[in-house]
Amino acid sequence: MNNEQLHIDTSAAEQKIWSILSTVVDPEVPVLTVLDLGIVREVQINGGEVEVIITPTYTGCPAMDMIAMNIRLAVAEQGYKTVKVTSVLSPAWTTDWITEAGKEKLKQYGIAPPNPKQQVCNDKLFAANEAVQCPHCNSHHTHRISEFGSTACKALYQCDDCKEPFDYFKCH
Amino acid sequence: MTNSLINYTLHLADTTLILSQRNSEWCGHGPILEQDIAITNISLDLLGQARNFYQYAAALKNDGSTEDSLAYLRTEREFKNLLLVEQQNGDWGQTILRQYFFSQYQLLLFQQLQQHSDEQLAAIATKAIKETTYHVRWSSEWVIRLGDGTDESHNRMLHAIDELWRYCGELFEAADYETAMGIDLTSIKQTWTEKVTAVFDEAKLPVPQNVFMQSGGKKGVHTEQLGYILTELQYLQRTYPGAKW
């Protein structure tokens, strides 16, 4: 599923909601919109009620409640009286749903974007660190400092060439 | 069937909530900053899982219960968490070993739940399984690092095994609601034992044999540890009922 496909055949009214959603950002990674993240599944308009169906990124992500509130506010500000945000779990979100534009924005922001999931999500012990490119100097000579970083979605890396530490949006 | 589903969902919710609460005691006390952040990240993942399970249980009960009332207002005997997860943190080695035993179990359980006919349980398991995979990798690497580390770390891991192994039998003893839900713990036990044995071999740690196993948590019969946890966890809502941030 990607956002381009979802836009096809939606009515003009729904298009309007999608364009409002393109202004709602992730409070923890404010360069990414909810569309860049790929968490909006569906927009439905039933009579006067707007329903936005989203999916959580990580199970314990504390930003999800705020994202749902920001979506309600943004849509309400445009004159829609009843706005409902529904969260569905299945199918489970994966970092593969982050758009290419979103990945580029992450890099510009100084966060290494996720590698494709199939390369790295496994339970092999002491596996060689995945090659993560430094978002500052583009070197691939980097190493992992910790699998767990400043938020649930990130791991901490350091570049061996420019020496800068950086966050890696880990594969999910 | 609905009763079994509610009880089973509460068992999953309670287990993840209590382990989350235990791990969160490390916040600000981890051996080094990165590992302090790691264990609290794991706490957060478990809390998120607990919320999903509690929300589902509340919807199934349909009696005005909420995720908050289920977490904050049930008594010790109503909690169905595994005994393993309520045990004290002890030292870092003991915390790590508890996490490893649990995460290895949870990964196998969630792999099975992904196929379960109850769609919401399957969805929660599918959502959480990638996080759990990270937990297994992190905790098993630590078991090996400490077990095959210095004499001091090795001895502490032996002590941790002594403290925790007796609570692992319960993981595979099916409660009535697990049997009713068709959960196959026998196959999980076999794979869990193989995985743990492989990690222990690499960690140069012995796999205990013929240990008397404690059980009861799944039925609400707990060790004294749970009372202390609930006292802390539920204090605010017990003292100031209905208080909100």
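Proteins come first, then strands; the chains are lettered A, B, ... in the order of their sequence lines, and each starts at number 1.
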| message | Please identify which of these residues, B/T40, B/D36, B/T95, meets the side chain to side chain donor-acceptor pair (under 3.5 Å) condition with B/W26. | response | B/T95
| request: For a side chain to side chain donor-acceptor pair (under 3.5 Å) with B/N89, tell me which candidate from B/R22, B/R98, B/H29 qualifies. | output: B/R98
| Pairs touching residues 105-116 of chain A that satisfy salt bridge (charged side-chain N to carboxylate O under 4.0 Å, His left out), sequence neighbours left out | A/D36-A/K105
| task | Can you run down the salt bridge (charged side-chain N to carboxylate O under 4.0 Å, His left out) pairs that involve residues 103-126 of chain B, sequence neighbours left out, and say none if there aren't any? | result | none
| query | Considering only heavy atoms, which portion of B/L44 lies under 4.5 Å from any heavy atom of chain A: side chain, backbone, both, or neither? | reply | both
| With only heavy atoms counted, which part of B/D45 is less than 4.5 Å from chain A, the side chain, the backbone, both or neither? | both
| field | Side-chain donor or acceptor of B/N52 paired with backbone N/O of B/I124 under 3.5 Å | value | no
| field | Cation-pi check, B/R74 onto B/F79 ring (under 6.0 Å, within 45° of axis) | value | yes
| query | Does A/K154 count as lying over the ring of A/Y168, i.e. NZ or CZ under 6.0 Å from the six-ring centre, within 45 degrees of the axis? | reply | no
| message | Less than 3.5 Å apart, any donor N or O on the side chain of A/H143 or A/D160 sitting next to an acceptor on the other? | response | yes
| message | Report, in residue-number order, which members of residues 65-89 of chain A are under 4.5 Å from chain B by heavy-atom distance. | response | A/D65, A/L89
| field | Contact residues of residues 53-61 of chain A (partner chain B; heavy-atom separation under 4.5 angstrom) | value | A/P56, A/T57, A/Y58, A/T59, A/G60
| Residue pair A/E164 / A/Y157, side-chain heavy-atom distance below 4.5 Å | no
| request: Hey, can you tell me if B/Y134 and A/H172 have their rings parallel, tilted or perpendicular (30° and 60° cut-offs)? | output: parallel
